[in-house]
Amino acid sequence: MTIIDGKEVSAALKKEIAAEVEKIKAAGGKIPYLVAILVGDDGASQTYVGHKEKMCAEVGFRSTVLRLPAETTEEQLLKEVDRLNNDDDVDGFIVQLPLPKHIDEQKIIEAIDPRKDVDGFHPENAGRMVTGLPAFLPATPDGILALLRYYKIETAGKHCVVIGRSNIVGRPMANLLSQKGWDCTVTMCHSRTKDLAKVVASGDIVIAALGKAEFVTADMVKPGAVVIDVGITRVPSDKTKSGWKLLGDVKYDEVAPKCSYITPVPGGVGPMTIISLMQNTLKAGKGEIYPKK
Ligand code: NAP
């Protein structure tokens, strides 16, 4: 059994991005510039945006965090989005989710210029992805593909079971793995799936993205399967200084011995998500997905 080390892979890819930025600098080119909009004071969102800001500095990007109060109206946020869409200096930007309840998230996502949509959530990028056109891919599925690539895990002809059908993880993951080049036969499960345990047990590759701590148990996993655990659930713990710990969607201790490969939580998929965002920003800066105007 091999433990997939997301920290190692993300560190290797981070070096590659930093080297590219050095090359751009040396050639006198424009340094990629990422802006993050953060509305309100949700603790987890502040942490995520903080990590993104730090990573930008580490790879050599320019970045700005626009911190807006929780009372920001939808109209005001749309104005900010419009301003960033039209600011030629900004290569890509993200609006950190979730947004306060009074703002329609979908409306905001659709207002972002797809050329700058480095989260890959705009329907145009989703549509381009589904049809196999160059697109900004959503960071978590893209990060999982990078893990599979790094560990040279065979996917062609394998049965991949994805648990979860959200627009940011399960659905794009299932679609990408079914595409030419990855060539999996994919089953996408959700809360209405019948005989879920039986379906999961037929998977050569299992991607658990349902957000239910330790849901996938050893009896649900085929011997030798590749198990990718996307879930993150914070649970109280008297063994940590912070008073809480993170659990994945997979009961790691009992599932790991049955697997050929498995991602731990933390340290598996988590570190990859932010790297994919950096890669998308680099691509936006270089005009790789959409040529610069
Ligand atoms: P989400 O939007 O809540 O979607 C969860 C999906 O799981 C839904 O499609 C839901 O089905 C399905 N589901 C829920 N309970 C189920 C059950 N008992 N059996 C089968 N399917 C079930 O969550 P998400 O945004 O995709 O995130 C999933 C997990 O990944 C969360 O723990 C999140 O924190 C984590 N995550 C981690 C990263 C990372 O960087 N590591 C990034 C993003 C998300 P229905 O559609 O039928 O409701």
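Just follow the structure's listing: the first ligand is 1, and inside any ligand the first atom is 1. The figures here come from the full heavy-atom set of this structure, side chains too, leaving out hydrogens, waters and symmetry mates. Sequential numbering from 1 along the given sequence is applied to the chain's residues.
- Not counting sequence neighbours, the partners of Glu58 by the salt bridge (Lys or Arg N to Asp or Glu O under 4.0 Å) test are Lys14, Lys54.
- A pairwise comparison of heavy atoms in Lys158 and Ile205 identifies CB-CD1, 4.1 Å as the closest pair.
- Listed by chain and number, residues touching ligand 1 at under 4.0 Å (heavy atoms only) are Thr140, Ile163, Gly164, Arg165, Ser166, Ile168, Val169, His190, Ser191, Leu196, Ala209, Leu210, Gly211, Lys212, Phe215, Val230, Gly231, Ile232, Val269, Gly270, Thr273.
- The closest donor-acceptor contact from the side chain of Thr240 to the backbone of Gly243 lies under 3.5 Å.
- Remark: Asp238 engages no residue in a salt bridge (Lys or Arg N to Asp or Glu O under 4.0 Å) (not counting sequence neighbours).
- Exactly one of Lys286, Lys30, Lys283, Arg115 qualifies for a salt bridge (charged side-chain N to carboxylate O under 4.0 Å, His left out) with Asp91. That residue is Lys30.
- Qualifying side chain to side chain contact (heavy atoms under 4.5 Å, CB included) partners for Thr217, counting only residues two or more places apart in sequence or in other chains: Asp219, Met220, Lys251, Glu254.
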